[in-house]
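The first residue of the sequence shown is numbered 1, and numbering continues consecutively from there. Heavy atoms only: backbone and side chains are in, while hydrogens, waters and symmetry mates are out. Start at 1 and go down the list; that is how both ligands and their atoms are numbered. Values in this document were obtained by computation on a predicted structure and should not be read as measured data.
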Amino acid sequence: MSRTRFDALAESNNREYTTVEETGRRSQLFGQQVFNEEKMLQFLTKEALEKVKAAIFQGTKIDRKIADQVAEGMKAWALSMGATHYTHWFQPLTGSTAEKHDAFFDILSDGRAMEKFGGAQLVQQEPDASSFPSGGIRNTFEARGYTAWDPTSPAFIYKTTLCIPTIFVAYTGEALDNKAPLLRALHAVDEAATGVAQYFDKNVRKVHATLGWEQEYFLIDKALAESRLDLIMTGRTMVGNAAAKGQQLDDHYFGVIPSRVLSFMSDLEKQCTKLGIPVKTRHNEVAPNQFELAPVFEEANLSVDHNLLLMDVMEEIADRHHFKVLFHEKPFAGVNGSGKHNNWSLATDTGVNLLSPGSTPMKNLQFLTFFVNTIKAVDTYEELLRSSIASASNDHRLGANEAPPSIISIFIGKQLSDVLDELEGVSQGKLSPQEKTELKLNVVGKIPEILLDNTDRNRTSPFAFTGNKFEMRGVGAKTNCAKPMTVLNTIVAKQLTSFKKEVDALIDKKSLKKDEAVFNILREYIKTSKRIRFDGDGYGTEWQDEARLRKLSNNKNTPEALQVLTSKESIALFNEMQVMSEVELKAHQEVELEAYILHLQIEGRVLGEMAYNHIIPAAVRYQNVLLENVTGLKEVYGAAYNKVAENQLNILEQIGEHLSEIKKLTDEMTASRRRANGLSTINKRAQAYCQDVKPYFDSIREQSDSLEKLISDDLWPLTKYAELLFKK
Ligand code: ADP
Ligand code: MG
């Protein structure tokens with residue numbers, strides 16, 4: 001049973017908090033629990049170290065003999081750190097991480113005990129995975145799933161377990177997770193971008209995508225959060241009357257961090273630093289009790305792993321500080337929700353950020369090439385990018401005037417728009433010497449100074465250029481960044497591949513110079529991708545109309561947004577880039593739809609339970625108080641009681657109305673849920689949950705919130721918004 005509101009309030013009021021001192025030099029802690037290069041130097045043979053590095057940087061395979069050596073070194077290090085178990089750490093399609101711990105401890109055939117861990121255990125594990133979602137893949141192929149080592153993300157020790165990042169695939173090779181497709185997408189973008197980067201620098205051998213996320217979250221007193229069934233079961237409040245004070249004063253944003261929260265943050269940062277997560281900034285967010293944490297950006301696969309690990313670590317550290325972290329995108333109605341901006345760029349092994357303008361015209365042409373190709377990719381595949389951030393919880397946020405709309409568009413700012421406009425005016429074919437000089441000096445040459453003045457920002461844009469990277473702003477706070485990163489890198493890979501083909505053709509067939517050919521193609525792209533560029537107010541209704549005219553998609557809910565995953569174009573794209581097969585796409589779509597249904601189903605059940613078991617009984621109790629009062633008045637005043645008890649009778653009447661309304665709506669919702677469950681296809685079920693069931697959530701809430709306003713505070717059972725949001 002959940003705690004009562006009053007027990008919870010008492011508990012949180014009487015508690016003493018631990019204070020954690022800020023750590024001095026964080027650099028000394030960095031990576032302490034990570035099997036990084038420094039540890040490898042110490043624990044691996046030279047040969048094994050070289051092979052692991054080759055696997056990381058060139059993607060070469062590690063053979064069994066070397067795997068045995070690596071395992072031996074890893075084990076020695078882990079045991080020296082006090083680890084007792086190891087696990088393959090993976091990302092099944094549930095959205096979170098999974099692990100199954102095995103002890104190093106083993107009994108040999110002669111009965112002796114020892115710590116065992118070899119190449120076989122490092123490279124592959126077979127979790128009993130039958131209950132992870134597979135979207136039918138396992139049934140179709142009657143294959144079990146196994147996890148396989150991803151050497152590009154280093155092993156780490158969490159608590160007393162050595163965690164080895166792995167992919168999770170079926171025996172037939174299909175991905176059952178989010179990491180395998182991400183790694184393939186990163187490989188695709190590496191190949192495509194390296195080819196293009198070599199136009200500008202022959203020394204480039206590898207390009208990696210970079211990701212820097214910004215994680216928003218709420219911190220709620222644990223006792224209070226756990227007093228509410230909805231927060232426990234769904235991570236959000238399903239009812240709750242707005243507090244007298246909300247975020248209207250903006251007094252929380254970037255304000256002084258409360259000391260109890262600061263203690264939590266210090267503890268968290270210390271732990272993250274040891275785990276090699278380079279957390280850097282922290283601040284209060286817009287809503288009360290809402291905060292943000294951001295790291296230094298990293299290679300995308302590592303950054304995705306670090307974000308997932310961070311979310312686990314946060315929950316654990318929060319618990320120590322008697323907090324509950326909410327990652328839900330919209331935990332409180334009427335209060336800003338949480339997102340996770342994904343800052344993305346491409347970097348070469350020669351240390352160049354390809355989305356950063358440089359000091360020479362050639363470097364700027366390189367910048368423009370990657371810049372315009374990204375715009376073109378997003379223009380072509382905007383709907384697919386939208387699908388990558390779709391989820392039941394993120395539906396509450398996208399388009400709710402606090403997060404970008406569900407229409408994807410790109411903001412680049414006035415100055416870069418001017419540059420693109422000028423480039424568009426360049427003549428076709430060969431360029432005259434004057435034209436070339438003009439371009440180099442006045443268009444391409446102007447870029448760096450322009451970008452220094454990066455005050456030009458648009459917070460309403462879902463995909464904004466911010467000086468040396470693009471920032472994807474519609475990603476949900478709970479979302480596994482692997483999903484948007486897989487799509488983004490795949491579409492950019494595809495775009496860069498086409499670009500290279502087109503440029504090479506111009507050089508070969510029309511014998512244009514390389515820079516002329518590049519200008520020619522970029523000019524075409526600028527022309528044909530204009531509709532995706534929008535610098536205006538993304539929250540306004542005019543944009544919705546304008547976007548329709550531009551034929552941009554506007555999928556407002558998850559079932560709609562997910563359809564494009566299995567369109568002919570998407571299947572062709574993922575196939576060509578070797579990121580996902582048709583079978584995988586269908587399976588992943590099915591898993592996402594299923595997750596959507598399950599979320600709404602749980603919410604519906606929780607709301608039904610709260611209505612019947614918490615809200616209606618509270619209303620009846622208060623009715624009884626009022627009735628007792630009215631009966632007493634009648635005894636004293638006789639026939640004149642009517643006048644004296646007027647207000648009580650009026651409140652009684654209102655309560656009665658809300659009571660019958662809430663009961664009626666709850667019963668209707670349950671019936672519509674049953675109907676939805678009985679539909680034959682997953683698409684129909686998801687649609688029905690979205691169209692028929694979900695609208696009841698709001699109408700039931702409305703009745704409950706009205707009751708909350710009427711009922712005596714001491715009889716209201718659910719911890720109130722003011723208590724959840726303003727308790728320090
Ligand atoms: P904001 O104004 O959006 O709050 P911040 O400076 O707080 O911006 O956050 C910027 C984020 O962008 C950080 O997470 C940082 O790591 C990330 N970032 C910076 N440069 C790059 C890059 N080249 N590639 C990817 N991410 C980057
Ligand atoms: Mg940001």
* Hey, is Asp305 close enough to Lys179 for a salt bridge, meaning N to O under 4.0 Å? -> yes

* Asked: With atoms numbered from 1 as shown, which atoms in ligand 1 lie under 4.0 angstrom from a non-hydrogen atom of Glu471?
  -> 3 (O)

* Among Ser356, Pro295, Pro278, whose heavy atom sits nearest atom 14 (O) of ligand 1? -> Pro295

* To do: Heavy-atom contacts with Arg459 under 4.0 Å: which atoms of ligand 1 show up? List them by number with element.
  => 2 (O)

* Structure fact -> Under 4.0 Å from one or more heavy atoms of Asn353, ligand 1 contributes atoms 23 (N)

* If hydrogens are left out, which of Asn343, Leu346, Leu355, Thr466 has an atom nearest to atom 17 (C) of ligand 1, that is, the closest non-hydrogen atom? -> Asn343

* Ring geometry between His396 and His328 (parallel below 30°, tilted from 30 to 60°, perpendicular above 60°) -> tilted

* Side-chain ion pair, Lys206 and Asp190, N-O less than 4.0 Å -> yes

* Asked: Is a donor on one side and an acceptor on the other found under 3.5 Å between the side chain of Ser388 and the backbone of Leu385?
  -> yes

* Structure fact -> Numbered in order shown, the ligand 1 atoms found under 4.0 Å of a heavy atom of Lys469 are 12 (O), 18 (N), 19 (C), 20 (N), 21 (C), 27 (C)

* Against heavy atoms of Trp213, which atoms of ligand 1 measure under 4.0 Å? -> 14 (O)

* To do: Compare all side-chain heavy atoms of Gln33 with those of Gln271 and state whether any distance is below 4.5 angstrom.
  => yes

* Salt bridge present between Arg320 and Glu316 (N-O < 4.0 angstrom) -> yes

* To do: List every atom of ligand 1 that sits less than 4.0 Å from any heavy atom of Val296, numbering the atoms from 1 in the order shown and giving each element.
  => 16 (O)

* To do: Could you tell me if any non-hydrogen atom of Arg473 lies under 4.0 Å from any atom of ligand 1?
  => no

* Asked: With a 4.5 Å limit on heavy-atom distance, are the side chains of Phe411 and Thr460 in contact?
  -> no

* Structure fact -> Residues at least two apart in sequence or cross-chain that pass side-chain contact (heavy atoms from CB on, under 4.5 Å) with Phe370, listed by chain then number, are Ala193, Val196, Ala197, Leu346, Leu354, Leu355, Gln366, Leu496

* Structure fact -> If we number the atoms of ligand 1 from 1 as shown, the ones under 4.0 Å from a heavy atom of Ser345 are 23 (N), 24 (N)

* **Any N or O of Phe297 closer than 3.5 Å to N or O of ligand 1** => yes

* Asked: Just wondering, do His208 and Thr348 contact through their side chains at under 4.5 Å, heavy atoms?
  -> no

* Asked: So is there a nitrogen or oxygen of His341 less than 3.5 Å from a nitrogen or oxygen in ligand 1?
  -> no

* To do: Determine, using ring centers only, whether Phe156 and Phe35 are less than 6.0 Å apart.
  => no

* Using a 4.0 Å heavy-atom threshold (strictly under), name the region of Glu214 that reaches ligand 1: side chain, backbone, both or neither. => side chain

* Distance-only N or O hit between ligand 1 and Glu292, under 3.5 Å -> no

* Heavy-atom gap Thr281 to ligand 1 smaller than 4.0 Å -> no

* Examine the proximity of ligand 1 to His283 and report which part, side chain or backbone, both or neither, has a heavy atom under 4.0 Å away. => neither

